[in-house]
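First up is the structure itself, then whatever we jot down about it.
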Protein chains: 2
Amino acid sequence: MKIDPKNPADLSAQIAKAIRDAIICGDLPVDERLPSEAELAEQFDVSRPTVREALKRLAAQSLIRTQRGATGGAFVNRLKFEDAYGQQITTSTLLLSMNEISFATACEARYALERACAPLSATRRTADHLATMRAEAHRQNQPGLTDEAFCASDVAFHRALVDAAGNPVLSYQLAGAVEAMQPLMNMITFSARSREKIVSLHTSIADAIEAQDASAADESLAALAQYTQKLAQDVIAERQAERS
Amino acid sequence: MKIDPKNPADLSAQIAKAIRDAIICGDLPVDERLPSEAELAEQFDVSRPTVREALKRLAAQSLIRTQRGATGGAFVNRLKFEDAYGQQITTSTLLLSMNEISFATACEARYALERACAPLSATRRTADHLATMRAEAHRQNQPGLTDEAFCASDVAFHRALVDAAGNPVLSYQLAGAVEAMQPLMNMITFSARSREKIVSLHTSIADAIEAQDASAADESLAALAQYTQKLAQDVIAERQAERS
DNA sequence: CAATTTTCATTTGTCAGACAATTAAACGTC
DNA sequence: GACGTTTAATTGTCTGACAAATGAAAATTG
């Protein structure tokens, strides 16, 4: 862990890497206290600001938490799924917005992953998940809803569907795919007619999940995927027509 | 972006958040140069070390890159899929190791997601992906292979399968799920007999992908998932027997 | 004039030392 | 023993400084 080549640049990155590796390989167990900043500075033979920059890098990844005071210091953080969700969503969102990912590609990925969850959700869904899905579908029927609120409710519906699979790893992976789509979805203006169709498909999905009918759920999801793609195509075509 | 409450703690976190939000909402486009550290310090009315800590947080998430010299500075980084892979894998690995995720749960998630890719891979696979899959399956048949090398080849095989879907979003999401499993997989000692079975299933998958037969690919993947779970159960049972 | 070298200003990377804020433990006091 | 006080440790922040890199401008040279 005390590896530090004579390269006097990126010292804070090197130190962060050394500590990160120690955490990943298990040398530093969860809740273990790191040496104080002054001690680390001495160990690595650098100044305290440099150590602090390294620690801030780790804090940005939720690998450590810091506490002030006499018994304070930096502690190895138990990375929780909730913490990871946020990073996952931020990263996914930026990946989509910065890499010219087409709506079609993102949409395909999202629904492919969601359909992977559906059979498990059909088997394991609880009353709680079902209630959330029903409530969101109901909300989506309210006439006064803005497009943004409609999309947010859509995300909540699909989150519940994914969470119903009862597999935290799946929920974590899907969080990025589903939530990162929201900005793209917000660019679509939903007509009353299209909302009606979507809510009807959501209801079909909820029905299938309630009946624990995996293949029916898959069918409805596939139909929803297809319809969403079609909606997006129409909107894009309409905008191009307007432009000319 | 100049929001900064009078709370004189976590200044660097607040500044990092302000800049991060500006990047996410598009106020700071890709390759835009941030003000110099001295200018930022003045803008936010903090010292330069505090600004630097904030920038290091952003650098840890690959949101910015820095360059020394006259025309240097911090630039908004185009987040590339390759950059995101690493973070995704690190985070997923830690999530699994720190949260008492059972092998069964992780394995279920991995194969569920992979089966979501398979139909797309069957449709779109290129000769390149097929060649990689064949090569890895062949390597897995070599007798001298260590368990670690076998697992690494397994990961490479499945990466090729996922990449064959031709959807970078799917590849990104799956990278975490597949690679994070490797440490867990490494804990399983593969007998010659179990390796033979796995390679046979890999060959079946490659055959199905080559024939563009989605349902055959799905069947083989399902069989592989089941067999992997069984192997893990056996190893766990054996270790418990040894302990008593 | 063109090409090359030198100088220089800008910016990040690092360091040293200091003080403020926080916190829990040690210490007195009643 | 209960309760307030002091104290030491630690992080958070600031100031000022110098080193290293780097591109642009200026000077030099052919």
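In what follows, every chain begins at residue 1, and chains take the letters A, B, ... in the order their sequences are listed.
Where Q67(A) and G72(B) each meet DNA chain C at their nearest nucleotide, the meeting point lying more 5' is that of G72(B). Nearer to the 5' terminus of DNA chain D, by closest-nucleotide assignment, is the contact made by A74(A) (compared with the other of A74(A) and A70(B)).
A straight line from CZ of R57(A) to P of dT14(C) spans 9 Å, rounded to a whole angstrom. dT11(C) atom P lies 16 Å from atom CD1 of I64(B), rounded to whole Å. What separates CD of E42(B) from C1' of dC14(D) is a distance of 15 Å, to the nearest Å. Atom CG of L11(B) is separated from atom C1' of dA20(C) by 13 Å (rounded to the nearest Å). When the C1' atom of dT13(D) is taken as reference, atom CG of D45(B) falls 12 Å away, rounded to whole Å. In this entry the distance linking CD of E53(A) with C1' of dG13(C) reads 8 Å, nearest Å. Following rounding to the nearest Å, L40(A) (CG) and dG12(D) (P) show an atom-to-atom distance of 13 Å. D10(B) has its CG atom 15 Å from the C1' atom of dT10(D), to the nearest Å.
The side chain of T50(A) contributes an N or O atom lying less than 4.0 Å from OP1 or OP2 of dC15(C). In this model, the phosphate group of dT10(D) is approached by a side-chain N or O of R33(A) to a distance below 4.0 Å at OP1 or OP2. Look at T71(A) and you won't find any side-chain N or O under 4.0 angstrom from OP1 or OP2 of dA24(C). Phosphate proximity of dG13(C) to R52(B): present, with a side-chain N or O under 4.0 Å from OP1 or OP2. Of the side-chain N and O atoms in T66(B), none sit less than 4.0 angstrom from OP1 or OP2 of dT11(C).
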Identify all side-chain donor-acceptor contacts of residues 18-28 of chain B below 3.5 Å with residues at least two apart in sequence or on another chain.
| residue | atom | partner | partner atom | Å |
| --- | --- | --- | --- | --- |
| R20(B) | NE | Q61(B) | OE1 | 3.0 |
| R20(B) | NH2 | Q61(B) | OE1 | 3.1 |
| D21(B) | OD2 | K17(B) | NZ | 2.7 |

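Dense packing is recorded around CD of E32(B), with more than 12 heavy atoms of other residues, nucleotides or ligands lying under 6.0 Å away.
With distances taken from any side-chain atom of S47(B) to the nucleotides dT13(D), dT14(C), dT11(C), the minimum falls on dT13(D).
Nearest heavy atom pair, residue L120(A) against residue A165(A), reads CB-CB, 3.8 Å. When all heavy atoms are compared, the tightest approach of P183(B) to E179(B) is CD-O, 3.7 Å. Of all the heavy atoms in Q229(B) and C107(B), the pair that sits closest is NE2-CB, 3.7 Å.
For a distance-only test at 3.5 Å, the side chain of R48(B) qualifies as a donor-acceptor partner of the base of dG13(C).
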